[in-house]
Every structure is written in C-alpha cells, then in structure tokens.
Amino acid sequence: MGLEERQATSVWRFYLLLVALLVLKTYFVYRFEFSFTLKGVGEEAFLVINSIGSIVLLLGIGLFRKRSKPGLMLAVYFILSAILYGNILYYRFYIDFITVPVLFQFGNVGGLSQSTVELFNFYDPILILDSVILFFILKRFKVRSSTLSTKRKKRTAVTGVSILLGSTVIALILNPLLFEKSYDRELFVKSLGSYTYHAYDIVFNSFTSITSVFADDTDISEIKQYVDKKEIEASSFEGVAKGKNLILISLESTQSFILDEEIDGEQATPFLNKLKEDSYFFPNFYHQTAQGKTSDAEFMIDTSLYPLSGGSVFVRKPENEFFSLPEALNSADYSTNSFHGNDREFWNRENMYKTLGYDRFYSKKDFEVTDENSINYGLKDIPFFEQSIPYLKDLKEPYSAKFLTLTNHFPYLLEEEDRMIAIPETQEEVVNRYFATIRYEDESIKRFFEEMKAAGLYEDAIFVLYGDHYGLSETYNEALGEYFGKQIGPVEHVKLQKVPLIIHIPNEEGKEFETVGGQVDLKPTILELLGIKEKTSLNFGTSLLSSDRKDFVIFRDGSFVTEELIYTKNTCYNKETGAKTNRNKCSKHFGKVQNELDYSDKVIYGDLLRFVE
C-alpha cells in the first residue's frame with residue numbers, strides 16, 4: 001500500500017470516526033437532555049437514524065473536496081457540537097430550540113450573566129472535550145489531506161442523501177402536516193433531527209425576511225374577513241372604567257400556581273391574594289409567549305396578534321404598521337407611557353415603542369440606579385415603583401402607564417435583607433429562590449398601591465396586573481412535583497402556564513370570571529372596560545368579559561386549551577381528569593389553530609396592516 005493510499009485510508013477512517021461519534025453524541029443529547037415524548041421502540045430507533053443523513057453530508061464538506069481535508073472535517077464537527085450544546089443551554093430553561101432570530105437578539109440573554117451560568121452542569125465540558133481529543137488524534141497519527149477515490153465520495157454522498165430523504169419521507173408519512181406545523185419545533189427536531197431543523201430554519205427565515213416586499217392589499221382581505229367574524233357583542237361591563245387612568249403592571253415570570261401558596265403558614269402573595277378578591281379575577285388566563293418572552297407578552301397585549309414562533313417581533317419587525325393599544329388610547333386623548341428599570345435598548349423597546357405609539361418611555365436612565373437598589377437585570381421593584389410616583393403625578397390625564405417589574409426574573413436572586421418569607425427545600429435552588437422573589441414582588445405592588453393612595457392617584461385609575469410568562473420551565477417540573485407532592489405530567493404542565501390576570505377598579509365589586517383565555521385577548525378587554533372603540537382594528541383576541549365568548553386559548557407551538565380539552569405534545573387530554581381521550585375530539589379544532597397562527601404570521605411577516613385604511 002503506497003503512502004497516498006495509506007493517507008486516504010486514514011482520512012476515511014477519521015471521517016467515519018467523526019460520523020459515529022457525532023451520531024452517538026447527538027442521540028444521547030436527544031435522549032437525556034431533550035424531553036421528547038417517545039412512543040415505542042420505533043420512535044427510539046428513529047431518533048438515532050434521523051440525524052445520520054445530515055451528519056454524513058455536513059461532515060462531508062471536508063470529505064468531498066478534491067483533496068479531502070481532515071482538519072476541515074474536525075472544524076465542522078466542532079461547530080456542530082457547539083450548535084448542539086447551544087441548544088442544550090437554551091433548552092434547559094426555555095424547553096425550546098435556538099432559531100436564527102434568537103441568534104440576532106443574543107444580547108437579550110445578558111451575555112454570561114448569572115442567568116446563563118445557572119444553566120451549566122458539571123458534565124458539560126465532556127460535550128466539547130471530545131473535539132480536543134480528536135484534535136490530538138489528528139496530530140498524533142498524522143492524518144493529512146489526501147485524495148480519496150471519486151467512487152467512494154459519490155457513494156458517501158448518495159448514502160447521506162438517501163438516508164436524509166428516507167427519514168424525511170417516513171417523518172412526513174407519520175406527520176403529513178410536519179412542514180405546515182414547523183412552529184412545533186419539538187416535533188420537527190424529533191422527526192428530522194436538529195441539524196436538518198436548523199437548515200430549514202435558515203431557509204424559512206431567509207424567505208420570510210423578504211415576504212413584505214411582495215405583499216399587497218389583496219393579502220389582507222381574507223384575514224380581515226376571518227377576524228371580523230370573531231367579533232362578539234359588548235358585555236354589560238362596557239365603559240365601567242370610562243375616562244379612568246390605565247395602570248398596567250407586568251408581573252415578571254409570575255405563574256398563577258403561586259397565588260394562595262403558603263410556606264410555614266406565610267402566604268407567598270398576601271397582597272395579590274387580597275386584591276383579587278376585590279377585583280375582576282381570571283383564574284383560567286394563560287400566557288401565550290414564545291421566544292420573545294416579556295416582549296411577546298407586551299406585543300400581544302398591545303396588538304392582539306400572536307407572537308412569532310422564532311425570535312421577537314420587537315427585534316425582527318419594529319418598522320411594521322400595527323393597530324396598537326397605545327394608538328387607540330391616544331385617539332381617546334390618553335397620554336401613553338411605559339416604565340422599566342432596565343436599559344431602553346433591551347428587547348429593542350426604544351424603537352418598538354415608537355412604532356406602537358407610546359408617547360414616553362421611562363427607562364433605566366430616568367431612575368436613580370445604584371448597586372444597593374439593583375440586582376440581576378436592573379432596578380429592584382420596590383425602589384422602581386417608589387421612584388415612578390413623581391413621574392405619574394406630572395402626567396397629563398387621562399394617561400396610561402405600563403410598569404414592567406424585574407426582580408422576579410430568572411435565576412431569582414435576592415439579598416438576604418430583602419427576603420420576607422421562608423423558602424421551600426426542594427432539590428432545585430432556583431425553585432426555592434422563586435418563592436422569595438415572588439414575595440418581594442408582591443410587597444412592591446402592595447407599597448405601590450399604598451403610595452398611589454397617598455398621592456391621590458388611586459381612585460381615578462383602573463389597575464390591570466398580568467403575568468408575562470412562566471417563571472419555572474418544564475426543566476423544573478420534578479422539583480415542583482416534589483413541592484406539590486405529585487408528579488407533573490403534560491396536563492399539569494399546561495395548567496402551570498396559567499398566569500395571574502387581576503383587573504382592579506376602585507369601588508367596583510369583585511367578580512371571578514371562569515373564562516379560558518390568554519394574552520391575545522387582553523387588548524379588547526381593556527378597551528371594552530374603558531369604553532373606547534378602535535377606528536381601525538384587527539384583533540385575534542376577543543373580550544374576556546363577554547358571555548358570548550368561546551373558551552379557547554392557542555399556544556405558539558400549536559397546543560391549545562378549551563373548556564373541556566387540552567391538546568399538547570400531539571396528544572389530546574380530558575382537562576378535568578387528565579386522561580388521554582379520543583384524538584378526534586381535538587382534531588376538529590386543528591383548522592382554527594392553524595388559521596389563527598398562520599394568519600397572524602402573514603400579517604407580521606408581510607407587514608399587511610399598512611394596506612388597511
């Protein structure tokens with residue numbers, strides 16, 4: 001065997017080693033880091049097979065050259081490993097996969113902040129260490145560039161393409177609407193593998209980025225007709241808060257399960273518990289956020305459109321035309337304001353607020369922020385509200401003021417002197433700390449109400465308090481199950497996505513609404529209470545106050561909840577018993593879910609509201 005032939009053999013063996021290791025590593029990550037629901041041995045085996053084709057072709061970037069380059073193969077191997085690990089970190093908290101838009105808004109994860117560090121595990125270096133070992137193998141055995149036979153390269157390429165196409169065909173047979181439901185990233189990755197998913201994501205986002213260029217006024221007519229059919233009669237609550245100042249309070253990472261919870265006889269949210277008794281309270285209100293989290297909640301409440309499945313509208317489409325809550329309020333002579341104790345550039349709020357029609361944005365630069373009164377992502381909630389009161393006094397009435405709280409933000413850090421409650425002792429410190437920061441948030445709102453009363457601002461206001469998104473993701477279900485003394489299954493997990501919605505109107509009697517709804521419904525609800533009619537509207541949500549409203553809430557991944565059913569992870573459940581039920585009971589709603597999400601996406605990607613007069 002000649003030198004060139006030996007080198008070619010070494011390169012080929014090195015390539016096969018890389019393929020084998022990456023396939024195994026990818027499978028183990030799928031199996032033990034991602035919480036896929038697998039049905040039988042077939043899906044288990046498919047979890048191995050679905051990544052082989054893409055790995056063979058991607059590592060082939062170094063193989064298929066005129067002279068195969070083992071160094072390039074290893075570089076690709078390292079990049080794919082890094083992508084895999086990036087997905088692991090993202091998934092550990094968000095139970096989701098990285099998309100191209102997320103990469104462009106990376107600054108919003110706070111760099112290597114405590115939030116990111118909290119997601120590291122002790123065994124993580126192993127996931128990258130193999131690349132270092134492979135580098136030494138490359139050098140030790142002097143695996144150098146060489147010329148492989150054209151026949152071998154073609155055979156490898158054909159094998160990769162065949163496996164990729166074969167696994168795609170099988171995936172489509174099992175899930176015919178896979179590409180139409182690409183917003184269900186868990187199903188997509190489970191079916192086609194993470195590398196194929198990322199390739200599709202790049203193509204999809206490249207296409208959608210130019211959609212608005214080719215859009216025209218005919219694209220909005222069908223959507224307008226669909227939305228107009230959803231309109232319902234106004235309720236008896238119309239105009240109950242007419243002319244009052246609107247105070248919106250975004251409760252950072254606050255889930256409804258925390259209400260009425262006690263630790264050693266002390267309530268976690270004593271003020272909110274009392275407030276909801278004297279307010280309109282919605283115990284079946286869900287967050288519907290996706291990768292934009294707090295910015296998604298803001299977007300839905302301001303526009304009654306759904307968030308995008310990937311990235312944040314605040315970052316991706318800040319120049320679009322929207323029919324917003326601030327614009328509707330401005331038309332009724334309200335001044336519109338937002339308060340936030342963080343940088344104004346975070347989530348691109350500075351630009352997006354201008355698009356949405358806010359008159360004034362009070363950000364970190366408008367507050368006195370020191371090391372003593374700030375933690376984690378910005379100004380603590382108590383000084384935040386205290387310092388906001390003077391600004392409220394100076395606002396022209398009527399006004400709206402949105403407050404974004406911060407202290408109850410992952411990973412839930414708080415100094416000892418600010419702790420007002422004992423914490424549970426579960427296996428997860430994040431879960432334990434969550435109770436402490438929730439209690440602090442509750443105290444901050446209590447003091448805000450007291451200061452509003454002292455300043456004479458309370459009586460002539462309507463207060464809308466809402467949870468923006470979950471605080472504890474599926475990653476922490478085991479610890480939550482430990483706290484509750486029961487296992488958190490799919491149905492319980494969906495129920496944990498409920499967030500508080502408390503609408504307090506001074507001197508109005510409290511009432512509990514069992515309506516099933518979500519954040520996309522809040523804009524029409526607020527406008528109904530204020531008695532304000534939009535001159536031009538396109539709302540996917542409907543008022544939560546109307547008896548004509550159908551109980552229905554749609555999540556960005558295609559899951560949904562009705563009065564009787566929960567559909568999640570491609571399975572239909574009876575909401576009351578938690579038992580699996582006939583899929584046909586859920587399938588009759590699939591068309592509505594698909595239409596709502598697709599139509600909303602078309603409005604956003606095509607910037608279609610610019611064509612509505």
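The chain is numbered in sequence order, starting from 1. Since this is a predicted model, take the numbers as computed values, not measurements.
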| field | Check: Phe271 ring centroid to Phe449 ring centroid under 6.0 Å | value | yes

| field | Counterpart residues, ring pair (Phe, Tyr, Trp, His ring centres under 6.0 Å), relative to Phe299 (two or more places apart) | value | Phe322

| request: Taking the six-membered ring of Phe188 (Phe, Tyr or Trp), confirm whether the NZ or CZ of Lys190 is under 6.0 Å from its centre and within 45° of its axis. | output: no

| said: Going by the rule side chain to side chain contact (heavy atoms under 4.5 Å, CB included), which residues pair with Lys365 if we only count those two or more places apart in sequence or in a different chain? | reply: Arg344, Ser363

| request: Find out whether Ser253 and Tyr470 are in side-chain contact, i.e. whether some heavy atom of one side chain is under 4.5 Å from a heavy atom of the other. | output: no

| query | Does a donor on one side chain and an acceptor on the other come within less than 3.5 Å for Thr303 and Ser324? | reply | no

| said: If we check side chain to side chain contact (heavy atoms under 4.5 Å, CB included) with Tyr466, which of these qualifies: Ile502, Ile249, Val499, Leu248? | reply: Leu248

| Any chance the rings of Phe339 and Phe361 have centres within less than 6.0 Å? | no

| said: Any heavy-atom pair between the side chains of Phe552 and Val561 that's under 4.5 Å? | reply: no

| remark: Nearest heavy-atom contact between Thr99 and Gly310 is OG1-CA, 3.8 Å

| request: Please lay out, stage by stage, how Tyr476 and Tyr434 fare under the test ring-ring contact (aromatic ring centres under 6.0 Å, His included). | output: CA-CA 11 Å; Tyr476 303 101; Tyr434 183 68; 9.5 Å; no

| task | Verify the distance criterion only: is there a donor paired with an acceptor across the side chains of Thr336 and Asp359 at less than 3.5 Å? | result | yes

| query | Are any side-chain N or O atoms of Asn245 and backbone N or O atoms of Ser400, one a donor and one an acceptor, separated by less than 3.5 Å? | reply | no

| said: Could you check whether Asn408 and Thr437, counting side-chain N and O atoms only, form a donor-acceptor pair closer than 3.5 Å? | reply: yes

| said: Run the ring pair (Phe, Tyr, Trp, His ring centres under 6.0 Å) test against Phe611 and tell me which residues pass, sequence neighbours left out. | reply: none

| said: Does the plane of the ring in Tyr377 sit parallel, tilted or perpendicular to the ring in Phe346? Use 30° and 60° as the thresholds. | reply: perpendicular

| Which residues pass the side chain to side chain contact (heavy atoms under 4.5 Å, CB included) test with Arg610, sequence neighbours left out? | Ser212, Ala215, Glu321, Asp607

| said: If the condition is side chain to side chain contact (heavy atoms under 4.5 Å, CB included), which residues does Asn507 pass it with, not counting sequence neighbours? | reply: Glu459

| request: Mind checking ring pair (Phe, Tyr, Trp, His ring centres under 6.0 Å) for His469 and listing every partner two or more places apart, or none if nothing turns up? | output: none

| field | Side-chain donor-acceptor contact under 3.5 Å, Tyr358 with Asp302 | value | yes

| remark: By side chain to side chain donor-acceptor pair (under 3.5 Å), Thr407 pairs with (sequence neighbours left out) Asp381

| note | Hits for side chain to side chain donor-acceptor pair (under 3.5 Å) against His287, two or more places apart or cross-chain, chain-then-number order -> Thr289, Gln497

| task | Flag the pair Leu308 / Ile604 as yes when at least one side-chain heavy-atom distance between them is below 4.5 Å, and no otherwise. | result | yes

| said: I'd like to check Asn342 versus Trp347 (side-chain heavy atoms, cut-off strictly below 4.5 Å). Are they in contact? | reply: no

| field | Tyr362-Phe384 aromatic ring centre distance below 6.0 Å | value | no

| message | If you count heavy atoms of other groups shown closer than 6.0 angstrom to CD of Glu233, is the number above 12? | response | no

Would you list the atom pairs, donor with acceptor, under 3.5 Å between side chains in residues 517-528 and any protein atom, with sequence neighbours excluded?
from: Gln519; atom 1: OE1; to: Gln288; atom 2: N; distance (Å): 2.9
from: Gln519; atom 1: NE2; to: Gly467; atom 2: O; distance (Å): 3.1
from: Gln519; atom 1: NE2; to: Asp468; atom 2: O; distance (Å): 2.8
from: Asp521; atom 1: OD1; to: Thr542; atom 2: N; distance (Å): 2.9
from: Asp521; atom 1: OD1; to: Arg549; atom 2: NH1; distance (Å): 3.1
from: Asp521; atom 1: OD2; to: Gly518; atom 2: N; distance (Å): 2.9
from: Asp521; atom 1: OD2; to: Arg549; atom 2: NH2; distance (Å): 3.0
from: Lys523; atom 1: NZ; to: Phe323; atom 2: O; distance (Å): 2.6
from: Lys523; atom 1: NZ; to: Glu534; atom 2: OE2; distance (Å): 2.8
from: Lys523; atom 1: NZ; to: Asn539; atom 2: OD1; distance (Å): 3.0
from: Thr525; atom 1: OG1; to: Asp521; atom 2: O; distance (Å): 2.7
from: Thr525; atom 1: OG1; to: Leu544; atom 2: N; distance (Å): 2.9
from: Glu528; atom 1: OE1; to: Ser543; atom 2: OG; distance (Å): 2.4
from: Glu528; atom 1: OE2; to: Ser235; atom 2: N; distance (Å): 2.5
from: Glu528; atom 1: OE2; to: Ser235; atom 2: OG; distance (Å): 2.6

| Phe513 side chain reached by Phe237 side chain, heavy atoms, under 4.5 Å | yes

| said: I need the minimum non-hydrogen distance between Ala461 and Pro506, along with the two atoms involved. | reply: O-CD, 3.0 Å

| task | Could you tell me which residues satisfy side chain to side chain contact (heavy atoms under 4.5 Å, CB included) with Pro500, sequence neighbours excluded, listed by chain and number? | result | Leu251, Thr254, Ser256, Leu259

| query | Between the side chains of Asp598 and Asn595, does any donor sit under 3.5 Å from an acceptor? | reply | no

| query | Quick one: salt bridge (charged side-chain N to carboxylate O under 4.0 Å, His left out) partners of Lys602, sequence neighbours excluded? | reply | none

| Student check: side-chain heavy atoms of Lys550 and Ile232 closer than 4.5 Å | no

| Does the cation-pi check pass for Lys276 over Phe281, that is, NZ or CZ under 6.0 Å from the six-membered ring centre and within 45° of its axis? | yes

| task | Please check if the distance between the ring centroids of Tyr567 and His589 is under 6.0 Å. | result | no

| task | For Phe385, check ring pair (Phe, Tyr, Trp, His ring centres under 6.0 Å) against everything at least two apart and list the hits. | result | Phe403, Phe448

| said: Any donor-acceptor pair under 3.5 Å linking the side-chain atoms of Asn284 with those of Lys498? | reply: yes

| remark: Interatomic distance, CD@Glu186 vs OG@Ser559, rounded to 0.5 Å, equals 9.0 Å

| said: Within the structure provided, determine whether Tyr286 and Val494 are in side-chain contact (heavy-atom separation under 4.5 Å). | reply: yes

| field | Thr568 side chain reached by Pro490 side chain, heavy atoms, under 4.5 Å | value | yes

| query | Are the aromatic ring centres of Tyr399 and Tyr334 under 6.0 angstrom apart? | reply | no

